[in-house]
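Here's the structure, in C-alpha coordinates; my notes come after.
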Amino acid sequence: MSDQSTSREPHHHDRRPGGHRHDGHEHGPGRWSRFGHQVAHLARPHGHEAADKVDPAMETSAEGMRTLWISLGVLAVTAVLQAGVVVLSGSVALLGDTVHNAADALTALPLGVAFVLGRRAATRRFTYGFGRAEDLAGIVIVLTIAASSALAAWTAVDRLLNPRTIGYLPAVAAAAVIGFIGNEWVARYRIATGRRIGSAALVADGLHARTDGFTSLAVLLGAGGAALGWPLADPIVGLLITIAILAVLKDAVREVFRRLMDAVDPALIDRAEHVLRAVDGVVEVGELRMRWIGHRLRAEIAIVVAGDLSVRDAHRIAVEAEHALLHAVPRLAAALVHADPATRHGDTDPHAPLARHRAPA
(Lines give C-alpha, C1' and ligand atoms only; values in the text may rest on other atoms or scores of the structure.)
Protein backbone atom coordinates (compact mmCIF):
# COMPACT_ATOMS: atom_id res chain seq x y z
CA MET A 1 0.00 0.00 0.00
CA SER A 2 1.30 3.45 -0.89
CA ASP A 3 2.78 5.76 1.71
CA GLN A 4 0.24 8.30 0.50
CA SER A 5 -2.66 6.44 2.06
CA THR A 6 -4.48 5.99 5.29
CA SER A 7 -7.06 3.55 6.61
CA ARG A 8 -9.67 6.27 6.62
CA GLU A 9 -12.63 4.71 4.88
CA PRO A 10 -13.00 0.99 4.33
CA HIS A 11 -15.93 -0.04 2.21
CA HIS A 12 -17.25 -3.54 1.64
CA HIS A 13 -20.30 -4.86 -0.17
CA ASP A 14 -20.38 -8.59 0.48
CA ARG A 15 -22.51 -10.50 -2.00
CA ARG A 16 -23.18 -13.87 -0.46
CA PRO A 17 -25.74 -16.14 -2.09
CA GLY A 18 -28.95 -14.19 -2.31
CA GLY A 19 -27.16 -10.84 -1.98
CA HIS A 20 -26.29 -8.00 -4.35
CA ARG A 21 -27.27 -8.32 -8.02
CA HIS A 22 -27.35 -6.01 -10.99
CA ASP A 23 -30.61 -6.83 -12.72
CA GLY A 24 -30.61 -5.80 -16.31
CA HIS A 25 -26.82 -5.67 -16.56
CA GLU A 26 -24.53 -8.30 -17.92
CA HIS A 27 -21.25 -9.41 -16.44
CA GLY A 28 -19.11 -11.09 -19.08
CA PRO A 29 -17.90 -14.68 -18.88
CA GLY A 30 -14.61 -15.48 -17.19
CA ARG A 31 -11.47 -16.01 -19.24
CA TRP A 32 -9.45 -19.04 -18.32
CA SER A 33 -5.94 -19.70 -19.68
CA ARG A 34 -5.50 -22.55 -22.12
CA PHE A 35 -3.99 -25.85 -20.97
CA GLY A 36 -0.95 -26.44 -23.17
CA HIS A 37 -0.45 -26.33 -26.90
CA GLN A 38 -2.92 -29.09 -27.67
CA VAL A 39 -5.82 -26.76 -27.07
CA ALA A 40 -4.28 -23.58 -28.46
CA HIS A 41 -6.57 -23.80 -31.48
CA LEU A 42 -9.74 -23.48 -29.44
CA ALA A 43 -11.61 -20.22 -29.81
CA ARG A 44 -11.99 -18.20 -26.66
CA PRO A 45 -15.54 -18.26 -25.32
CA HIS A 46 -17.57 -15.20 -26.14
CA GLY A 47 -20.96 -13.68 -25.60
CA HIS A 48 -22.70 -12.47 -22.48
CA GLU A 49 -24.95 -14.02 -19.90
CA ALA A 50 -28.59 -13.00 -19.78
CA ALA A 51 -29.65 -10.49 -17.18
CA ASP A 52 -29.46 -12.10 -13.76
CA LYS A 53 -32.86 -13.38 -12.70
CA VAL A 54 -31.62 -15.79 -10.05
CA ASP A 55 -28.60 -15.74 -7.75
CA PRO A 56 -25.44 -16.01 -9.94
CA ALA A 57 -23.79 -18.68 -7.77
CA MET A 58 -26.89 -20.86 -7.93
CA GLU A 59 -27.27 -20.28 -11.66
CA THR A 60 -23.70 -21.19 -12.57
CA SER A 61 -23.66 -24.22 -10.26
CA ALA A 62 -26.86 -25.50 -11.85
CA GLU A 63 -25.34 -25.05 -15.30
CA GLY A 64 -22.24 -26.91 -14.20
CA MET A 65 -24.31 -29.76 -12.79
CA ARG A 66 -26.34 -30.03 -15.97
CA THR A 67 -23.15 -30.19 -18.04
CA LEU A 68 -21.70 -32.86 -15.77
CA TRP A 69 -24.65 -35.20 -15.88
CA ILE A 70 -25.23 -34.90 -19.63
CA SER A 71 -21.56 -35.52 -20.38
CA LEU A 72 -21.49 -38.34 -17.84
CA GLY A 73 -24.28 -40.10 -19.73
CA VAL A 74 -22.49 -39.71 -23.07
CA LEU A 75 -19.19 -41.01 -21.72
CA ALA A 76 -20.86 -43.90 -19.90
CA VAL A 77 -22.50 -45.10 -23.12
CA THR A 78 -19.19 -44.73 -24.97
CA ALA A 79 -17.28 -46.68 -22.33
CA VAL A 80 -19.84 -49.51 -22.24
CA LEU A 81 -19.71 -49.92 -26.02
CA GLN A 82 -15.91 -49.92 -26.00
CA ALA A 83 -15.75 -52.37 -23.09
CA GLY A 84 -17.80 -54.87 -25.05
CA VAL A 85 -15.37 -54.68 -27.95
CA VAL A 86 -12.39 -55.03 -25.57
CA VAL A 87 -13.80 -58.31 -24.25
CA LEU A 88 -14.23 -59.60 -27.81
CA SER A 89 -10.95 -58.37 -29.29
CA GLY A 90 -8.44 -58.31 -26.44
CA SER A 91 -7.02 -54.97 -27.72
CA VAL A 92 -4.81 -53.41 -25.06
CA ALA A 93 -4.87 -50.01 -26.77
CA LEU A 94 -8.66 -50.03 -26.72
CA LEU A 95 -8.58 -51.22 -23.11
CA GLY A 96 -6.46 -48.22 -22.14
CA ASP A 97 -8.81 -45.91 -23.98
CA THR A 98 -11.87 -47.50 -22.35
CA VAL A 99 -10.39 -47.22 -18.85
CA HIS A 100 -9.56 -43.59 -19.47
CA ASN A 101 -13.08 -42.90 -20.72
CA ALA A 102 -14.59 -44.58 -17.69
CA ALA A 103 -12.31 -42.62 -15.36
CA ASP A 104 -13.27 -39.41 -17.10
CA ALA A 105 -16.95 -40.19 -16.61
CA LEU A 106 -16.40 -40.87 -12.92
CA THR A 107 -14.76 -37.48 -12.38
CA ALA A 108 -18.28 -36.06 -12.68
CA LEU A 109 -18.94 -37.34 -9.16
CA PRO A 110 -16.46 -35.16 -7.20
CA LEU A 111 -17.32 -32.20 -9.41
CA GLY A 112 -21.01 -32.76 -8.76
CA VAL A 113 -20.38 -32.77 -5.01
CA ALA A 114 -18.33 -29.58 -5.37
CA PHE A 115 -21.09 -27.76 -7.25
CA VAL A 116 -23.66 -28.82 -4.66
CA LEU A 117 -21.43 -27.60 -1.82
CA GLY A 118 -20.80 -24.36 -3.68
CA ARG A 119 -24.51 -23.54 -3.46
CA ARG A 120 -24.41 -23.44 0.32
CA ALA A 121 -24.44 -20.04 1.97
CA ALA A 122 -21.42 -18.80 3.90
CA THR A 123 -21.38 -19.55 7.63
CA ARG A 124 -19.58 -18.08 10.62
CA ARG A 125 -16.97 -20.85 10.29
CA PHE A 126 -16.73 -20.84 6.49
CA THR A 127 -17.06 -17.10 6.00
CA TYR A 128 -16.12 -17.21 2.30
CA GLY A 129 -18.58 -19.99 1.53
CA PHE A 130 -17.77 -23.39 0.03
CA GLY A 131 -16.53 -22.48 -3.44
CA ARG A 132 -13.11 -23.99 -2.70
CA ALA A 133 -14.70 -27.42 -3.01
CA GLU A 134 -14.24 -27.04 -6.77
CA ASP A 135 -10.50 -26.70 -6.30
CA LEU A 136 -10.46 -29.87 -4.20
CA ALA A 137 -12.37 -31.61 -6.98
CA GLY A 138 -9.64 -30.45 -9.35
CA ILE A 139 -7.11 -32.35 -7.23
CA VAL A 140 -9.26 -35.49 -7.44
CA ILE A 141 -9.38 -35.12 -11.23
CA VAL A 142 -5.58 -34.81 -11.39
CA LEU A 143 -5.19 -37.97 -9.30
CA THR A 144 -7.67 -39.78 -11.55
CA ILE A 145 -5.70 -38.81 -14.65
CA ALA A 146 -2.50 -40.04 -12.99
CA ALA A 147 -4.08 -43.38 -12.03
CA SER A 148 -5.47 -43.98 -15.51
CA SER A 149 -2.07 -43.25 -17.08
CA ALA A 150 -0.42 -45.75 -14.74
CA LEU A 151 -2.96 -48.45 -15.63
CA ALA A 152 -2.58 -47.80 -19.36
CA ALA A 153 1.21 -47.98 -19.10
CA TRP A 154 1.19 -51.20 -17.06
CA THR A 155 -1.20 -52.91 -19.48
CA ALA A 156 0.81 -51.83 -22.53
CA VAL A 157 4.12 -53.04 -21.09
CA ASP A 158 2.56 -56.36 -20.13
CA ARG A 159 1.29 -56.82 -23.69
CA LEU A 160 4.73 -55.98 -25.12
CA LEU A 161 6.25 -58.70 -22.97
CA ASN A 162 3.42 -61.13 -23.65
CA PRO A 163 2.07 -60.48 -27.19
CA ARG A 164 -1.43 -61.70 -28.02
CA THR A 165 -3.46 -61.87 -31.18
CA ILE A 166 -6.13 -59.20 -31.59
CA GLY A 167 -9.49 -60.21 -33.02
CA TYR A 168 -12.50 -58.37 -34.41
CA LEU A 169 -10.33 -55.58 -35.87
CA PRO A 170 -13.24 -53.81 -37.66
CA ALA A 171 -15.07 -53.64 -34.33
CA VAL A 172 -11.96 -52.22 -32.66
CA ALA A 173 -11.73 -49.52 -35.34
CA ALA A 174 -15.42 -48.68 -34.97
CA ALA A 175 -15.08 -48.48 -31.19
CA ALA A 176 -12.14 -46.11 -31.60
CA VAL A 177 -14.19 -43.79 -33.80
CA ILE A 178 -17.09 -43.90 -31.33
CA GLY A 179 -14.67 -43.05 -28.53
CA PHE A 180 -13.33 -40.04 -30.41
CA ILE A 181 -16.76 -38.66 -31.27
CA GLY A 182 -18.09 -39.10 -27.74
CA ASN A 183 -15.05 -37.57 -26.05
CA GLU A 184 -14.71 -34.63 -28.42
CA TRP A 185 -18.37 -33.71 -27.92
CA VAL A 186 -18.00 -33.94 -24.15
CA ALA A 187 -14.72 -31.97 -24.25
CA ARG A 188 -16.27 -29.09 -26.17
CA TYR A 189 -19.32 -29.04 -23.90
CA ARG A 190 -17.35 -29.10 -20.63
CA ILE A 191 -14.69 -26.61 -21.72
CA ALA A 192 -17.27 -24.14 -23.01
CA THR A 193 -19.35 -24.37 -19.84
CA GLY A 194 -16.29 -24.31 -17.56
CA ARG A 195 -14.93 -21.14 -19.16
CA ARG A 196 -18.35 -19.52 -19.20
CA ILE A 197 -18.90 -20.04 -15.48
CA GLY A 198 -15.22 -19.73 -14.51
CA SER A 199 -14.79 -23.29 -13.19
CA ALA A 200 -11.16 -24.43 -13.34
CA ALA A 201 -12.06 -28.00 -12.44
CA LEU A 202 -14.67 -28.31 -15.20
CA VAL A 203 -12.24 -26.98 -17.81
CA ALA A 204 -9.62 -29.48 -16.60
CA ASP A 205 -12.18 -32.23 -16.93
CA GLY A 206 -13.02 -31.13 -20.47
CA LEU A 207 -9.37 -31.18 -21.47
CA HIS A 208 -9.14 -34.64 -19.96
CA ALA A 209 -11.97 -35.73 -22.25
CA ARG A 210 -10.30 -34.12 -25.27
CA THR A 211 -7.14 -36.15 -24.66
CA ASP A 212 -9.28 -39.27 -24.49
CA GLY A 213 -10.70 -38.39 -27.90
CA PHE A 214 -7.29 -38.18 -29.52
CA THR A 215 -6.14 -41.38 -27.83
CA SER A 216 -9.23 -43.06 -29.28
CA LEU A 217 -8.00 -42.12 -32.73
CA ALA A 218 -4.61 -43.57 -31.83
CA VAL A 219 -6.33 -46.92 -31.26
CA LEU A 220 -7.03 -46.92 -35.01
CA LEU A 221 -3.28 -47.03 -35.62
CA GLY A 222 -2.96 -50.09 -33.45
CA ALA A 223 -5.82 -51.81 -35.25
CA GLY A 224 -4.30 -50.89 -38.61
CA GLY A 225 -0.91 -52.25 -37.59
CA ALA A 226 -2.45 -55.49 -36.37
CA ALA A 227 -4.36 -55.83 -39.66
CA LEU A 228 -1.05 -55.53 -41.51
CA GLY A 229 0.44 -58.34 -39.45
CA TRP A 230 2.31 -56.31 -36.83
CA PRO A 231 0.89 -57.37 -33.44
CA LEU A 232 3.20 -55.09 -31.45
CA ALA A 233 1.46 -52.04 -32.95
CA ASP A 234 -1.35 -52.37 -30.40
CA PRO A 235 0.78 -52.21 -27.21
CA ILE A 236 3.03 -49.53 -28.75
CA VAL A 237 -0.04 -47.38 -29.36
CA GLY A 238 -1.02 -48.11 -25.76
CA LEU A 239 2.30 -46.59 -24.64
CA LEU A 240 1.74 -43.56 -26.87
CA ILE A 241 -1.65 -43.12 -25.23
CA THR A 242 0.09 -43.15 -21.86
CA ILE A 243 2.44 -40.38 -23.00
CA ALA A 244 -0.53 -38.32 -24.19
CA ILE A 245 -2.23 -38.79 -20.83
CA LEU A 246 0.92 -37.67 -19.02
CA ALA A 247 1.07 -34.53 -21.19
CA VAL A 248 -2.42 -33.46 -20.20
CA LEU A 249 -1.65 -34.43 -16.59
CA LYS A 250 1.25 -31.96 -16.57
CA ASP A 251 -0.96 -29.15 -17.85
CA ALA A 252 -3.80 -29.99 -15.47
CA VAL A 253 -1.43 -30.07 -12.49
CA ARG A 254 -0.06 -26.65 -13.44
CA GLU A 255 -3.48 -25.05 -13.75
CA VAL A 256 -4.95 -26.63 -10.61
CA PHE A 257 -1.82 -25.57 -8.71
CA ARG A 258 -2.25 -22.00 -9.93
CA ARG A 259 -5.85 -21.97 -8.79
CA LEU A 260 -4.94 -23.32 -5.36
CA MET A 261 -2.25 -20.64 -5.07
CA ASP A 262 -4.80 -17.90 -5.90
CA ALA A 263 -3.30 -17.08 -9.30
CA VAL A 264 -5.37 -14.91 -11.62
CA ASP A 265 -4.87 -13.77 -15.20
CA PRO A 266 -2.71 -10.59 -15.06
CA ALA A 267 -5.01 -9.16 -17.74
CA LEU A 268 -7.78 -9.04 -15.12
CA ILE A 269 -5.57 -6.96 -12.82
CA ASP A 270 -4.72 -4.61 -15.69
CA ARG A 271 -8.39 -4.25 -16.54
CA ALA A 272 -9.35 -3.56 -12.93
CA GLU A 273 -6.65 -0.88 -12.55
CA HIS A 274 -7.72 0.80 -15.78
CA VAL A 275 -11.37 0.84 -14.70
CA LEU A 276 -10.57 2.17 -11.22
CA ARG A 277 -8.42 5.02 -12.54
CA ALA A 278 -11.33 6.09 -14.74
CA VAL A 279 -13.67 6.49 -11.75
CA ASP A 280 -14.28 10.14 -10.91
CA GLY A 281 -12.53 10.99 -7.64
CA VAL A 282 -9.94 8.19 -7.70
CA VAL A 283 -6.48 9.79 -7.61
CA GLU A 284 -4.47 6.57 -7.74
CA VAL A 285 -4.83 2.83 -7.31
CA GLY A 286 -2.79 1.32 -4.50
CA GLU A 287 -2.83 -2.34 -3.53
CA LEU A 288 -5.03 -4.57 -5.69
CA ARG A 289 -5.51 -8.28 -5.04
CA MET A 290 -7.83 -10.87 -6.54
CA ARG A 291 -8.46 -14.51 -5.85
CA TRP A 292 -10.73 -17.25 -7.14
CA ILE A 293 -13.08 -19.01 -4.75
CA GLY A 294 -14.62 -21.76 -6.83
CA HIS A 295 -15.76 -20.09 -10.04
CA ARG A 296 -16.23 -16.61 -8.52
CA LEU A 297 -13.66 -13.86 -7.97
CA ARG A 298 -13.16 -11.71 -4.89
CA ALA A 299 -11.06 -8.54 -4.80
CA GLU A 300 -9.35 -6.33 -2.22
CA ILE A 301 -8.46 -2.84 -3.42
CA ALA A 302 -6.95 0.31 -1.95
CA ILE A 303 -7.72 3.54 -3.82
CA VAL A 304 -6.31 6.98 -3.09
CA VAL A 305 -8.76 9.90 -2.92
CA ALA A 306 -8.39 13.59 -2.10
CA GLY A 307 -7.30 14.07 1.50
CA ASP A 308 -9.85 16.77 2.29
CA LEU A 309 -12.94 14.71 1.41
CA SER A 310 -15.59 13.92 3.97
CA VAL A 311 -16.18 10.35 5.03
CA ARG A 312 -19.45 10.39 3.08
CA ASP A 313 -17.76 11.55 -0.14
CA ALA A 314 -14.94 9.03 0.22
CA HIS A 315 -17.56 6.33 0.76
CA ARG A 316 -19.42 7.41 -2.38
CA ILE A 317 -16.26 7.13 -4.49
CA ALA A 318 -15.55 3.67 -3.03
CA VAL A 319 -19.07 2.56 -3.95
CA GLU A 320 -18.67 3.89 -7.48
CA ALA A 321 -15.32 2.13 -7.81
CA GLU A 322 -16.79 -1.18 -6.70
CA HIS A 323 -19.78 -0.76 -8.98
CA ALA A 324 -17.52 -0.11 -11.97
CA LEU A 325 -15.49 -3.23 -11.18
CA LEU A 326 -18.60 -5.40 -10.97
CA HIS A 327 -19.44 -4.49 -14.56
CA ALA A 328 -15.90 -4.67 -15.93
CA VAL A 329 -14.34 -7.73 -14.28
CA PRO A 330 -15.81 -11.10 -15.29
CA ARG A 331 -17.08 -13.36 -12.48
CA LEU A 332 -16.39 -10.78 -9.75
CA ALA A 333 -18.61 -11.60 -6.78
CA ALA A 334 -17.38 -9.15 -4.14
CA ALA A 335 -14.88 -6.35 -3.65
CA LEU A 336 -13.47 -4.75 -0.52
CA VAL A 337 -12.65 -1.16 -1.50
CA HIS A 338 -10.47 0.78 0.95
CA ALA A 339 -10.24 4.56 0.43
CA ASP A 340 -6.95 6.25 1.48
CA PRO A 341 -6.44 10.04 1.57
CA ALA A 342 -3.75 11.52 -0.63
CA THR A 343 -1.00 13.15 1.44
CA ARG A 344 1.39 15.98 0.75
CA HIS A 345 5.14 16.20 1.22
CA GLY A 346 5.99 16.20 4.90
CA ASP A 347 2.75 14.58 6.05
CA THR A 348 3.04 11.72 8.53
CA ASP A 349 2.54 8.28 7.07
CA PRO A 350 -1.05 7.45 8.08
CA HIS A 351 -0.17 3.76 8.15
CA ALA A 352 2.77 4.13 10.51
CA PRO A 353 1.02 2.33 13.43
CA LEU A 354 0.70 -0.75 11.19
CA ALA A 355 4.29 -0.85 9.99
CA ARG A 356 5.62 -3.21 12.66
CA HIS A 357 2.74 -5.66 12.01
CA ARG A 358 3.59 -6.15 8.35
CA ALA A 359 5.55 -9.20 7.33
CA PRO A 360 8.93 -8.43 5.73
CA ALA A 361 8.97 -8.51 1.94
Side-chain angles (χ1 to χ4, degrees), residues 1 7 9-22 27-33 49 52 54-65 110-142 194-204 255-266 268-269 271-272 276 286-303 318-319 321-339 357-359:
M1 207 174 287
S7 53
E9 173 57 21
H11 173 67
H12 186 201
H13 278 189
D14 189 3
R15 275 160 300 286
R16 296 178 182 175
H20 182 78
R21 292 198 307 247
H22 287 274
H27 296 277
R31 299 280 188 182
W32 218 69
S33 58
E49 295 174 340
D52 298 330
V54 295
D55 180 76
M58 293 287 288
E59 185 178 75
T60 54
S61 294
E63 186 175 3
M65 289 289 289
L111 269 176
V113 172
F115 282 129
V116 170
L117 283 176
R119 297 181 181 187
R120 296 182 59 186
T123 66
R124 290 184 65 82
R125 181 179 295 276
F126 297 97
T127 55
Y128 283 96
F130 296 85
R132 285 287 190 186
E134 285 187 41
D135 300 328
L136 296 179
I139 296 176
V140 174
I141 291 170
V142 166
R195 286 178 173 164
R196 186 164 56 252
I197 70 174
S199 173
L202 191 55
V203 173
E255 295 302 332
V256 171
F257 174 78
R258 287 177 178 175
R259 181 58 65 90
L260 290 173
M261 293 299 292
D262 292 328
V264 297
D265 186 350
L268 289 177
I269 303 298
R271 179 186 297 186
L276 289 169
E287 195 172 50
L288 196 163
R289 298 179 180 180
M290 290 184 183
R291 71 194 308 184
W292 286 99
I293 299 180
H295 50 266
R296 305 291 290 175
L297 275 170
R298 294 184 69 95
E300 299 174 5
I301 306 111
I303 58 174
V319 170
E322 181 183 6
H323 188 244
L325 284 175
L326 287 170
H327 286 277
V329 179
R331 313 314 314 170
L332 183 64
L336 173 65
V337 182
H338 178 92
H357 296 283
R358 292 173 179 162

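Across all non-hydrogen atoms, the minimal contact from E322 to V337 is CB-CG2, 3.8 Å. Looking at every heavy atom in both residues, I303 comes nearest to L276 through CG2-CD2, 4.4 Å. Of all the heavy atoms in A272 and V329, the pair that sits closest is CB-CG2, 4.2 Å. The nearest pair of heavy atoms linking V140 to P110 is CG1-CG, 3.7 Å. In terms of heavy atoms, A122 sits closest to Y128 at CB-C, 4.4 Å. Between P330 and L297, the shortest heavy-atom distance links the atoms O-CD1, 3.4 Å.
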Test side-chain contact (heavy atoms from CB on, under 4.5 Å) applied to I139 and L260, step by step: CA-CA 9 Å; I139 296 176; L260 290 173; 3.7 Å; yes
CA sep, side-chain torsions, deciding dist, call: M290, L288, side-chain contact (heavy atoms from CB on, under 4.5 Å): CA-CA 7 Å; M290 290 184 183; L288 196 163; 4.1 Å; yes
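Of the possible polar contacts, none joining the R259 side chain to the W292 backbone as a donor-acceptor pair under 3.5 Å is found.
Once rounded to the nearest 0.5 Å, the distance linking CZ of R291 with CE of M261 reads 11.0 Å. To the nearest 0.5 Å, atoms CG (L325) and CG (L268) are separated by 11.0 Å. To the nearest 0.5 Å, the span separating CD1 on I301 from CZ on R289 amounts to 11.5 Å.
Classification of the H323-H327 ring pair by plane angle, with boundaries at 30° and 60°, yields perpendicular.
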